[in-house]
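The figures here come from the full heavy-atom set of this structure, side chains too, leaving out hydrogens, waters and symmetry mates.
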Amino acid sequence: MRTLFIGLFIVSFFFSNVQAAFSTENEKDEKTLREERMSLYKKAEATTHIPWYYFAGIDQYERQVRRTHKDIPHEKGALGIYIEPSRWVGPMNPHKEAQDETVISLFGGIGKDGNGDGKADQYDDEDILYTIGSYLQSYGITPPQIKIGLWQYYHRDRTVSIILGHAKLFKTFGTLDLDHHAFPLPLNANFSYKNTWGDARGWGGRRIHEGTDIFANYSVPVRSTCYGIVEMKGWNRYGGWRLGIRDVNNTYHYFAHLNGFTKDLAVGQVVEPGMVVGGVGSTGYGPPGTSGKFPPHLHYGMYKDNGRTEWSFDPYSHLKMWERADRQKAAKK
């Protein structure tokens with residue numbers, strides 16, 4: 001028995017160290033990628049006069065979209081931006097891999113040579129950024145003109161809004177490393193929750209529960225779970241006083257049944273993990289001001305935008321992971 005225990009301990013120790021090494025290696029790879037991307041953004045800024053954080057916003061948005069669509073090929077370089085071949089070389093161009101900028105232009109394509117090698121390569125990161133920058137530059141380089149250029153390129157208001165939000169976050173914090181999270185309630189609060197995503201709800205018509213309910217006392221602080229932009233704030237007859245925050249992964253974080261909001265919190269404001277945005281309440285299920293129809297709790301939901309539509313997904317595992325991470329951080333202090 002003692003030999004078995006020692007053996008299991010050795011195996012466990014081995015795998016835990018392998019896992020830690022693998023995690024560290026992944027972090028190094030991601031750090032290297034962020035550095036490479038930032039270098040590309042800054043180079044594109046120098047040649048097009050479009051601020052780097054707009055390129056970062058576009059790239060971040062498209063990378064997340066790319067991961068949700070099987071009909072979009074996986075990126076070959078450091079960037080996630082995908083320009084359809086017909087758009088790159090021109091819709092009537094018979095050569096879908098054309099790289100001659102003059103020929104591409106004749107067929108109405110937008111592909112450009114961004115690194116001076118004589119080729120407008122749709123798989124080259126520098127060419128891709130220079131092409132996007134040149135397209136936006138044709139509308140101007142002021143924020144309102146860039147916004148118009150983005151709309152002309154995507155023809156989708158939500159896409160433009162998300163990209164501009166990403167750009168604002170990158171500009172505010174000056175880094176691409178914004179994929180950090182926090183549990184929505186303080187760890188010293190008395191709270192409980194379980195997985196209820198998909199459960200039936202009847203008030204206001206048959207529907208499913210699109211989130212996790214975290215039960216806690218009235219006025220327990222509610223915190224932002226991410227770096228993000230406040231996209232929505234106000235009353236909803238289902239969610240009461242509620243708040244929506246969009247992060248850099250195109251994920252919309254939904255906080256409902258609040259007893260109120262932090263003073264001066266406004267739509268368009270930048271928030272970060274752990275920042276208090278409101279308090280736990282029991283508002284909703286009626287006209288503005290309705291409260292007390294159920295025990296106080298935070299309804300927390302997560303929604304993903306894929307460039308075409310938006311859907312709800314189960315936040316429970318994320319909440320568990322963020323709670324565990326916060327407790328580990330607290331234990332180290």
Side-chain angles (χ1 to χ4, degrees), residues 26-89 96-99 101 104 109-138 141 146 149-150 152-154 156 159-171 173-179 227 246-251 304-308:
N26 280 348
E27 288 175 7
K28 286 181 180 178
D29 290 345
E30 190 57 39
K31 182 180 179 182
T32 301
L33 269 175
R34 285 196 297 266
E35 291 172 351
E36 184 178 350
R37 288 166 187 158
M38 181 64 86
S39 177
L40 287 165
Y41 303 151
K42 290 293 185 71
K43 184 173 182 178
E45 177 184 58
T47 56
T48 66
H49 304 293
I50 302 294
W52 70 268
Y53 41 83
Y54 286 108
F55 292 112
I58 294 168
D59 184 33
Q60 183 69 12
Y61 171 79
E62 292 225 12
R63 181 176 301 105
Q64 300 305 316
V65 167
R66 207 163 183 161
R67 291 173 180 174
T68 61
H69 290 288
K70 293 182 179 180
D71 57 337
I72 300 177
H74 193 273
E75 59 263 35
K76 295 186 177 181
L79 303 182
I81 298 173
Y82 175 66
I83 302 175
E84 293 181 356
S86 61
R87 193 170 198 176
W88 183 276
V89 303
K96 299 306 178 185
E97 298 288 330
Q99 297 183 341
E101 192 173 319
I104 288 173
I110 66 172
K112 300 284 186 182
D113 173 17
N115 55 14
D117 66 355
K119 300 176 183 178
D121 185 352
Q122 58 190 288
Y123 304 110
D124 183 277
D125 286 337
E126 290 185 61
D127 291 356
I128 291 170
L129 281 185
Y130 184 69
T131 296
I132 292 291
S134 296
Y135 184 92
L136 295 178
Q137 193 182 47
S138 68
I141 59 174
I146 291 173
L150 287 171
Q152 291 293 343
Y153 186 83
Y154 289 101
R156 184 174 184 252
T159 294
V160 174
S161 174
I162 293 174
I163 289 173
L164 293 178
H166 290 354
K168 187 174 183 178
L169 285 169
F170 291 132
K171 179 184 180 183
F173 294 103
T175 178
L176 303 179
D177 186 16
L178 299 179
D179 192 21
Y227 288 100
R246 179 83 59 180
D247 72 13
V248 292
N249 294 317
N250 298 359
T251 301
K304 177 68 74 174
D305 182 273
N306 67 357
R308 300 169 190 171

Quick one, [X] and [Y] - any side-chain contact, counting heavy atoms below 4.5 Å?
{"X": "Arg87", "Y": "Ile110", "answer": "yes"}
{"X": "Tyr82", "Y": "Glu75", "answer": "no"}
{"X": "Ile81", "Y": "Ile83", "answer": "yes"}
{"X": "Gln152", "Y": "Ser138", "answer": "no"}
{"X": "His69", "Y": "Arg308", "answer": "yes"}
{"X": "Leu178", "Y": "Leu176", "answer": "no"}
{"X": "Tyr53", "Y": "Ile58", "answer": "no"}
{"X": "Ser134", "Y": "Thr47", "answer": "no"}

Could [X] and [Y] be called an ion pair, given the rule that one side-chain N must be under 4.0 Å from one carboxylate O?
{"X": "Asp177", "Y": "Arg34", "result": "yes"}
{"X": "Lys112", "Y": "Asp117", "result": "no"}
{"X": "Lys96", "Y": "Glu84", "result": "no"}

Working for side-chain contact (heavy atoms from CB on, under 4.5 Å), residues Phe55 and Gln60: CA-CA 8 Å; Phe55 292 112; Gln60 183 69 12; over 6 Å; no

So, for [X] and [Y], which heavy atoms are closest and what is the spacing to 0.1 Å?
{"X": "Phe170", "Y": "Thr175", "answer": "CD2-O, 3.2 Å"}
{"X": "Val65", "Y": "Asn306", "answer": "CG1-O, 3.4 Å"}
{"X": "Leu79", "Y": "Tyr41", "answer": "CD2-CE2, 3.9 Å"}
{"X": "Glu126", "Y": "Asp124", "answer": "N-OD1, 3.0 Å"}
{"X": "Asp121", "Y": "Asp127", "answer": "N-OD2, 2.8 Å"}
{"X": "Leu40", "Y": "Leu129", "answer": "O-CD1, 3.5 Å"}

Ala78 backbone acceptor or donor facing Arg37 side chain under 3.5 Å: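 Indeed, once roles are kept as given, a pair shorter than 3.5 Å links the two residues.
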
Under 3.5 Å: donor-acceptor pair, side chain of Trp88, backbone of Ile128: no

Working for salt bridge (Lys or Arg N to Asp or Glu O under 4.0 Å), residues Arg156 and Asp305: CA-CA 12 Å; Arg156 184 174 184 252; Asp305 182 273; 2.9 Å; yes

To the nearest 0.5 Å, how far apart are [atom1] in [X] and [atom2] in [Y]?
{"X": "Glu30", "Y": "Thr32", "atom1": "CD", "atom2": "OG1", "value": "9.0 Å"}
{"X": "Arg67", "Y": "Ile72", "atom1": "CZ", "atom2": "CD1", "value": "12.5 Å"}
{"X": "Ile50", "Y": "Thr48", "atom1": "CD1", "atom2": "OG1", "value": "5.0 Å"}
{"X": "Ser161", "Y": "Leu150", "atom1": "OG", "atom2": "CG", "value": "11.0 Å"}
{"X": "Tyr61", "Y": "Arg66", "atom1": "OH", "atom2": "CZ", "value": "13.5 Å"}
{"X": "Gln137", "Y": "Ile141", "atom1": "CD", "atom2": "CD1", "value": "7.0 Å"}

Pairs meeting criterion ring pair (Phe, Tyr, Trp, His ring centres under 6.0 Å) with involvement of residues 112-138, two or more places apart: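 As it turns out, the ring pair (Phe, Tyr, Trp, His ring centres under 6.0 Å) pairs with a partner in residues 112-138, which skip direct neighbours, are Tyr135-Tyr139, Tyr135-Tyr153.
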
NZ/Lys304: more than 12 non-hydrogen atoms of other groups inside 6.0 Å: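 Result for NZ/Lys304: enclosed.
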
Partner residues of Tyr227 under the ring-ring contact (aromatic ring centres under 6.0 Å, His included) criterion, sequence neighbours left out: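 Only Phe173 meet the ring-ring contact (aromatic ring centres under 6.0 Å, His included) criterion with Tyr227.
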
side-chain contact (heavy atoms from CB on, under 4.5 Å) assessment of Tyr54 paired with Ile132: CA-CA 10 Å; Tyr54 286 108; Ile132 292 291; over 6 Å; no

Polar contact flag, side-chain donor to acceptor under 3.5 angstrom, Asn250-His166: yes

Partners meeting side chain to side chain donor-acceptor pair (under 3.5 Å) with Gln122 (sequence neighbours left out): none

